[in-house]
Protein chains: 2
Amino acid sequence: MDISTVTEKVLRKFESRMAMGADDRAQIAALPFKVRTIDASTYMLREGQRPTRCAFILEGLAYRQKLTPNGEREIVSILMPGEFVDLQNLFLDESDHDIQALTRLTLAEVPIAALRLFIEACPAAGQALWIDALVESSIHREWLLNVGRRNARSRLAHLLCEFSVRFQKSTLADAMAYELPMTQEQLGDALGLTPVHVNRVLKSLETDGLIARKKRQVSVIDWPRLRDAAEFNERYLHLGQIRR
Amino acid sequence: MDISTVTEKVLRKFESRMAMGADDRAQIAALPFKVRTIDASTYMLREGQRPTRCAFILEGLAYRQKLTPNGEREIVSILMPGEFVDLQNLFLDESDHDIQALTRLTLAEVPIAALRLFIEACPAAGQALWIDALVESSIHREWLLNVGRRNARSRLAHLLCEFSVRFQKSTLADAMAYELPMTQEQLGDALGLTPVHVNRVLKSLETDGLIARKKRQVSVIDWPRLRDAAEFNERYLHLGQIRR
DNA sequence: CGTGTATTTGATAAGAGTCAACTCCCGTGG
DNA sequence: CCACGGGAGTTGACTCTTATCAAATACACG
């Protein structure tokens, strides 16, 4: 991917959160991004590591996961194009989780030190990253509510609603039909369910006419009912949090 | 509480994360904190509100909760003395959750605008707050793993371990014996369990000799076994993240 | 001392997990 | 071109953890 395209995408990301001045834009263009492509399921970072670079997703999806000592996994975040993957590591030394490519992934990487200098020199950009980090924290909280207090059907419906909204925002897909990028096992790991049960619930959502499926293609048939089943309210995504 | 004591406590908080220069200290002292005391279970903030002040906890405990439309609750964070409660609202307009006092609480409140100016003028302090926000995010992720993938016994043991470590850090208590500030119903809401089941698991931890209880006083009898039952590893608390 | 909240206990039910087998799909190589 | 292999998805039978319902007890506070 062309470096000017990269700058363009990064800039658009910042602009979506905060108005950027001409000087800010010049500084973004000067950031030493390196583009890299990695295959699905490649580890970008492992728990305990101390990364020196920070990645911005240009194309594809990634996820954060945590493992228990006996190998059980919880997927705690899905990361989409236009998101910085490593904001943690901007200020924390040691990673507390793994980050793995969900699909084939194109990244723009920048040294953490450079990014740190950049946000000091450019407060508006720093604020944009703050917002990003805070929104991810908000999503964590919604997921906690989801896993802790909703039954399997609501949980899965909720994840489908979230995908719909976030994919649309990333312009990855029409809101009402998208390619689910995860296996049912991965869905289970994101929801605290077994893959077998994910399968049954998915089928039940389909037979009840809330969604249709063809392979991993998901189409929302009845958004109001899906949203109600999920108790989905997009407030936690803070989508209005733009250019304050 | 004396205003100089307040400044002292806030300063100590920042110093624990980053070295503060003389100028930084003067700026902290100049922040217009207002001390306020509120009763247990008072709401400090409700979902959807747009707060104008940010609170620092001087004494007591608070928690964040989210509610489902039909009234089920998930407690998503426990907040301890020395923590800023409203970092979200530094950069997000609308609160995505409620914040409620767990015990009687003494707060130092400062206008969000003042805090925002302060961190722009004082990058080290801004960085300290970044670290705080990122650590809370990390705790959210560990809780997701806890609720999503561990059984009731491990979950509860994990929360007890976390309390032990965090209380000790706040010097609220000896690490191995502390007053649990929550009802069993609240414990259940933090763990995605019913109060009845919390009660049974608590009793089983006691009869197995991992803990002892007298009213809400919890004493860790066998830390190694409790830690193992919890699969507790304090990495996610980023306690070493001090004065980089 | 009575009243309300928190805790404890028992009996039963239900949602989700486990185990195991089978099918489908897709890419690979003979 | 087709057989093969492996991963993902599907299905059924059964189990188990945790929820639910209900009642009793303990405890704090006025």
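Using cut-offs of 30° and 60° for the angle between ring planes, the B/Y236 and B/F232 rings count as perpendicular. The aromatic rings of A/F163 and A/Y178 stand perpendicular to each other, their planes meeting at an angle above 60°, with 30° marking the opposite boundary.
Spacing between atom CZ of B/R150 and atom C1' of C/dG17 amounts to 19 Å, rounded to whole angstrom units. Between A/L193 atom CG and D/dT17 atom P there is a gap of 18 Å when expressed in whole angstrom units. Rounding to whole angstrom units, CG of residue A/L156 and P of C/dA16 are separated by 11 Å. As rounded to whole Å, 14 Å separates atom P of D/dA8 from atom CG of A/L180. Between the CD atom of B/Q186 and the P atom of C/dA6 there is a distance of 8 Å, rounded to whole Å. The CE-P distance, from A/M182 to D/dG9, rounds to 11 Å in whole Å. Note: CZ (A/R149) to C1' (C/dG15) measures 15 Å, nearest angstrom. Distance NE2 (B/H197) to C1' (C/dG15): 14 Å, rounded to an integer number of Å.
Here the nucleotide nearest the side chain of B/R213, chosen from D/dT18, C/dT8, C/dG17, is C/dT8. Taking only side-chain atoms of A/V196, from C-beta outward, the nucleotide of D/dG12, D/dT18, C/dG17 with the closest atom is D/dG12.
Salt bridge status for A/E142 with A/R150: present, with a side-chain N to carboxylate O gap under 4.0 Å. Comment: A/R50 engages A/E94 in a salt bridge, judged by a side-chain N to carboxylate O separation of less than 4.0 angstrom. The pair B/R46-B/D98 does not meet the salt-bridge criterion, since no charged nitrogen lies less than 4.0 angstrom from a carboxylate oxygen.
Residue A/N199 places none of its side-chain N or O atoms closer than 4.0 Å to OP1 or OP2 of D/dG9. Of the side-chain N and O atoms in B/K203, one or more sit less than 4.0 angstrom from OP1 or OP2 of C/dT9.
For B/R200 and C/dG10, a side-chain-to-base donor-acceptor distance below 3.5 Å is present, hydrogens and geometry of angles not being considered. Evaluation of atom-type donor-acceptor distances gives no pair under 3.5 Å for the side chain of B/R216 against the base of C/dT5.
At a threshold of 4.0 angstrom between heavy atoms, the contacts of A/R153 with the nucleic acid are absent. If you check every strand for non-hydrogen atoms under 4.0 Å, A/R155 touches nothing. Here A/G188 lies out of heavy-atom contact (under 4.0 Å) with every strand.
Annotation: of the two residues near DNA chain D, B/G192 and A/Q184, the 5′-most nearest-nucleotide partner is A/Q184.
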